[in-house]
Amino acid sequence: MQPTSDRLLIRGAEVVVTMDDDRREIANGDVLIQNGKIVAAGQGLPRDNAQVVEAEGCVVTPGLVNTHHHLFQTLTRAVPAAQDAALFGWLKTLYPIWARMTPDDIRLSAEIGLAELAMSGCTCSSDHLYMYPNGSRLDDSIEAATNIGIRFTATRGAMSIGESKGGLPPDQLVEDEAAILKDSERVVDAYHDAAEGAMVQVGLAPCSPFSVSRELMRDAAVLAREKGVRLHTHLAENDEDIRYSLENFGMLPGDYAESLGWTGDDVWHAHCVKLSGDEINLFARTGTGVAHCPCSNSRLASGIAPVRAMRDAGVPVGLGVDGSASNDCSHLGLEARQAMLVARLRDGPGALGAREALEIATRGGARVLGRRDIGALMPGMQADLVLWDVGELAAAGQWDPVAALVFCAPVRPRAVYVRGRAVVDDHRLLTADTRDLQRRAKSAVARLAG
């Protein structure tokens with residue numbers, strides 16, 4: 001329900017998981033919110049004219065943070081010819097379909113993906129839009145995020161090297177590099193909000209080392225730092241990616257990134273499945289972040305990212321669902337579970353616990369996106385939080401309600417709040433008609449497949 005006053009009290013949760021500096025978990029806990037910010041988290045907090053939301057049977061956590069997505073791909077889920085391909089073959093199959101998309105398709109695809117994210121407990125998502133067919137613009141995705149009502153880091157992606165110049169994408173999907181930089185400056189000036197509590201931020205994100213030039217990578221880094229925005233790209237995703245880097249640049253992807261100014265605490269890279277020990281140390285030393293996308297990496301058989309080694313070294317790590325054509329869903333709860341499971345498959349049963357996976361999905365993601373105002377339920381932080389219904393069948397029989405959020409996923413959010421306002425309530429999205437989104441998606445897919 002929407003609050004009727006500027007004060008809101010979430011009362012009587014089974015557990016409040018604060019993710020504060022002490023990682024407090026408060027049994028029978030309350031969270032007090034005023035003017036969209038956390039005032040306190042504790043037990044028996046006074047009502048003081050606040051609207052009360054009863055949270056019995058719920059675990060309350062900070063909102064989940066998604067650090068890597070391609071929302072335009074939501075309309076190309078489970079495409080038959082791409083179902084069993086590795087990364088490069090998967091891309092070549094889907095590029096021609098994406099080339100037929102319109103601005104309306106981009107907007108609709110983003111709305112569907114963001115709606116799904118919100119209903120999985122996500123309150124802040126990034127997006128990497130790197131192709132702009134038929135007049136599409138980054139503005140289309142930003143409009144979708146505004147409609148759904150969650151925080152949004154929109155990255156202005158780009159591809160500039162087509163097949164005729166040795167790149168992977170078809171020539172019709174690449175752009176002139178001067179035009180890319182000009183539009184990058186436009187969207188930053190138009191939409192980026194550097195203030196605390198920002199709902200929309202913008203980053204620069206040339207797609208990958210195999211689809212843009214050295215010059216564009218370098219120029220984008222210079223522009224981003226002039227504008228005070230973050231940098232994002234794909235890196236070291238699979239063996240093909242490593243081979244391409246060695247053959248074309250004579251160095252590993254992490255070293256290539258460093259040579260172009262693409263390391264630092266204002267940079268985060270997606271995947272990093274194949275980082276070497278030296279590259280992990282480089283990222284730790286420079287504060288370079290990683291968006292870990294375990295479902296996509298499993299789906300495309302890219303491998304298992306060395307998350308335990310990254311975390312132990314001090315690399316900032318967040319979770320990303322990646323594109324809905326390589327996952328093929330936008331559910332951050334399932335992503336946290338997959339992260340825990342594949343870490344154990346790689347490094348043993350103690351490699352990643354449920355609480356650490358939940359931390360990566362909340363506080364970790366906020367750090368990767370450079371957000372100091374979200375990711376924890378602490379006084380002064382933005383009131384982005386989730387009420388998880390551990391009284392439902394999915395968690396029936398659990399002995400540890402916090403761990404159950406990851407082990408028993410998907411546990412459904414009963415309510416999701418952004419800035420203290422409900423986006424999801426009683427398991428229902430309040431900001432869009434999901435049946436209408438489904439109907440429109442069916443029509444769009446029929447046209448794209450024709």
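- Here the side chain of Arg299 pairs a donor or acceptor atom with the backbone of Ala325 at under 3.5 angstrom.
- Judged by distance alone, the side chain of Asn134 and the main-chain N or O of Ala99 form a donor-acceptor pair under 3.5 Å.
- With hydrogens and angles left out, the side-chain atoms of Asp384 and Gln382 include no donor and acceptor closer than 3.5 Å.
- Across all their heavy atoms, Val65 and Leu332 have their closest contact at C-CD1, 3.7 Å.
- We find the OH-OG1 distance between Tyr130 and Thr233 to be 10.5 Å, quoted to the nearest 0.5 Å.
- Between the CE atom of Met251 and the CD atom of Glu279 there is a distance of 11.0 Å, given to the nearest 0.5 Å.
- The two atoms that bring Gly121 and Val416 nearest to each other are CA-CG2, 4.1 Å, heavy atoms only.
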Query - Evaluation steps, side chain to side chain contact (heavy atoms under 4.5 Å, CB included), between His70 and Trp98 - result: CA-CA 12 Å; His70 305 295; Trp98 295 335; over 6 Å; no
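- A 4.5 Å side-chain heavy-atom check between Met381 and Met19 finds every atom pair outside the cut-off.
- A donor-acceptor pair under 3.5 Å is formed between the side chain of Asp140 and the backbone N or O of Arg137.
- Once rounded to the nearest 0.5 Å, the distance linking CG of Asp219 with CD of Glu177 reads 7.5 Å.
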Item to complete: Would you please test His269 and Leu275 for side chain to side chain contact (heavy atoms under 4.5 Å, CB included) and show each step?
Response: CA-CA 11 Å; His269 296 286; Leu275 285 190; over 6 Å; no
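- Using a cutoff of 4.0 Å between basic side-chain nitrogens and carboxylate oxygens, Arg439 and Asp433 are not scored as salt-bridged.
- Not one N or O on the side chain of Glu392 forms a donor-acceptor pair closer than 3.5 Å with the backbone of Val411.
- Using a 30° and 60° split on the angle between ring planes, Trp268 and His232 fall in the parallel class, below 30°.
- Around the CZ atom of Arg100, the shell of radius 6.0 Å holds more than 12 heavy atoms that belong to other residues, nucleotides or ligands.
- Aromatic ring centres of His234 and Phe210: separated by at least 6.0 Å.
- Atom CZ of Arg308 is surrounded by more than 12 heavy atoms from other residues, nucleotides or ligands within 6.0 Å.
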Review point. Is there a side chain to side chain contact (heavy atoms under 4.5 Å, CB included) between Val188 and Leu204 once you walk through the steps?
Key: CA-CA 9 Å; Val188 170; Leu204 303 187; 4.0 Å; yes
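- The two residues Ala221 and Leu260 have their closest heavy-atom pair at CB-O, 4.0 Å.
- Side-chain contact check for Ser125 and Asn66: at least one donor-acceptor pair (N or O, by modelled atom type) lies under 3.5 Å.
- Contact between Leu369 and Cys124 at its shortest, heavy atoms only, is CD1-SG, 4.0 Å.
- Residues Asp104 and Arg107 are in side-chain contact: their nearest non-hydrogen atoms beyond the backbone lie under 4.5 Å apart.
- When atom types are taken as modelled, the side chain of Arg151 and the backbone of Gly197 share a donor-acceptor pair closer than 3.5 angstrom.
- Judged purely by atom type and a 3.5 angstrom limit, His331 uses its side chain to pair as donor or acceptor with the backbone of Leu334.
- Counted within 6.0 Å of NZ on Lys227, heavy atoms from surrounding residues, nucleotides or ligands total more than 12; the atom is thus considered enclosed.
- A salt bridge links Asp389 with Arg414: at least one charged nitrogen is closer than 4.0 Å to a carboxylate oxygen.
- Side-chain contact check for Ile112 versus Arg77: some heavy-atom pair is nearer than 4.5 Å.
- With hydrogens and angles ignored, the 3.5 Å screen pairs a side-chain donor or acceptor of Thr288 with a backbone N or O of Gly264.
- Side-chain contact check for Met217 versus Val212: some heavy-atom pair is nearer than 4.5 Å.
- A pairwise comparison of heavy atoms in Ile150 and Cys122 identifies CG2-O, 3.8 Å as the closest pair.
- In this structure, the side chain of Arg230 engages the main chain of Asp265 through a donor-acceptor pair within 3.5 Å.
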Determine whether Met119 and Thr434 satisfy the following criterion, side chain to side chain contact (heavy atoms under 4.5 Å, CB included), listing intermediate values before the conclusion. CA-CA 11 Å; Met119 295 179 73; Thr434 56; 4.2 Å; yes
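- In this structure, the side chain of Ser109 engages the main chain of Thr74 through a donor-acceptor pair within 3.5 Å.
- Under the 4.5 Å side-chain criterion, counting only non-hydrogen atoms from C-beta, Val423 is not in contact with Leu430.
- In this structure, Asp139 and Tyr191 have side chains that are in contact, with non-hydrogen atoms separated by less than 4.5 Å.
- If you check the side chains of His68 and Asp322, you find a donor sitting under 3.5 Å from an acceptor.
- Here the closest non-hydrogen pair linking Gln338 and Pro294 is CG-CB, 3.7 Å.
- With salt bridges taken as basic N to acidic carboxylate O contacts below 4.0 Å, none links Glu240 and Lys92.
- To the nearest 0.5 angstrom, Leu173 atom CG is 11.0 Å from Ser211 atom OG.
- In this structure, the side chains of Pro413 and Trp388 come closer than 4.5 Å at one or more pairs of heavy atoms.
- Between Asp373 and Arg371 there is a salt bridge, since at least one side-chain N of the basic residue sits less than 4.0 Å from a carboxylate O of the acidic one.
- Panel note: side chain Gln201, backbone Asp193; a donor-acceptor pair is recorded below 3.5 Å.
- Tyr256 and Phe249 have parallel rings, their planes meeting at less than 30° on a 0 to 90° scale where 60° marks the start of perpendicular.
- A donor-acceptor contact closer than 3.5 angstrom is absent between the side chains of Asn327 and Ser324.
- Atoms NE2 and CG, on His271 and Leu87 in that order, are 7.5 Å from each other to the nearest 0.5 Å.
- In this structure, Ser245 OG and Lys274 NZ are separated by 14.5 Å, a value rounded to the nearest 0.5 Å.
- Residues Arg23 and Arg355 have side chains not in contact (no heavy-atom distance under 4.5 Å, counting atoms from C-beta outward).
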